[in-house]
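Following: one structure in structure tokens, then a few remarks.
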Amino acid sequence: SAAIYQEKHAVEAGIVRVNNFVFTATIKNRNAIVTGGASGLGEATARRLAQAGAKVAIVDRNSERATAIAGEIGGRAYMLDVTDSSAAEG
């Protein structure tokens with residue numbers, strides 16, 4: 001369909017749309033950290049950024065799922081609960 005064609009070419013041009021947010025900066029070869037990237041909106045964001053050529057690090061409490069998603073998109077996974085400030089220390 002026309003929507004799929006437009007979406008494909010927008011990604012190739014470096015334009016990424018995630019839930020009505022449009023990122024027009026060059027994403028290819030950029031580093032991206034996605035917290036909560038093992039599910040839901042975070043997962044969708046990680047996938048779209050990787051599709052646009054970003055190097056994606058997924059940070060999530062669910063290390064098993066984060067590792068699986070990172071493997072699928074060529075990214076890296078880190079287990080961290082970002083709601084626990086002491087977890088990020090040391």
Side-chain angles (χ1 to χ4, degrees):
S1 79
I4 292 171
Y5 177 83
Q6 289 174 341
E7 186 73 19
K8 178 183 176 207
H9 290 281
V11 169
E12 290 171 359
I15 301 168
V16 176
R17 179 185 303 274
V18 177
N19 290 344
N20 294 325
F21 292 101
V22 178
F23 301 91
T24 57
T26 302
I27 294 172
K28 189 172 185 175
N29 296 320
R30 299 283 185 161
N31 296 316
I33 299 171
V34 181
T35 59
S39 64
L41 181 57
E43 179 183 346
T45 301
R47 289 182 184 280
R48 291 304 292 262
L49 288 168
Q51 181 184 20
K55 299 171 194 165
V56 180
I58 296 174
V59 179
D60 203 283
R61 294 184 288 193
N62 185 339
S63 62
E64 186 175 313
R65 181 82 176 135
T67 300
I69 300 301
E72 291 174 18
I73 66 171
R76 299 186 74 174
Y78 299 91
M79 201 288 268
L80 177 67
D81 181 353
V82 297
T83 65
D84 180 4
S85 61
S86 66
E89 296 174 8

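Bear in mind that the values here come from a model prediction, so they are computed numbers and not experimental data.
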Review point. With sequence neighbours excluded, what pairs up with T67 under the side-chain contact (heavy atoms from CB on, under 4.5 Å) test?
Key: A77

Review point. Can I73 and I58 be said to form a side-chain contact (heavy atoms from CB on, under 4.5 Å), step by step?
Key: CA-CA 10 Å; I73 66 171; I58 296 174; 4.1 Å; yes

Check your understanding: Would V82 and M79 show up in the same hydrophobic cluster when neighbours are defined by side-chain heavy atoms closer than 4.5 Å?
Key -> no

Check your understanding: So which pairs with a foot in residues 53-64 pass side chain to side chain donor-acceptor pair (under 3.5 Å), sequence neighbours left out?
Key -> none

Point to revise | Gap between atom CG of L49 and atom OG1 of T45 - 0.5 Å precision | key: 6.5 Å

Check your understanding: Stepwise, does the side-chain contact (heavy atoms from CB on, under 4.5 Å) test hold for V56 with V34?
Key -> CA-CA 7 Å; V56 180; V34 181; 4.0 Å; yes

Review point. Quick one: side chain to side chain donor-acceptor pair (under 3.5 Å) partners of R65, sequence neighbours excluded?
Key: E43

Exercise for review: Report the residues that fulfil salt bridge (charged side-chain N to carboxylate O under 4.0 Å, His left out) with R76, sequence neighbours left out, ordered by chain and then residue number.
Suggested key: none

Practice item. Please name the pair of heavy atoms, one in A52 and one in I27, separated by the smallest distance, quoted to 0.1 Å. Key: CB-CG2, 3.9 Å

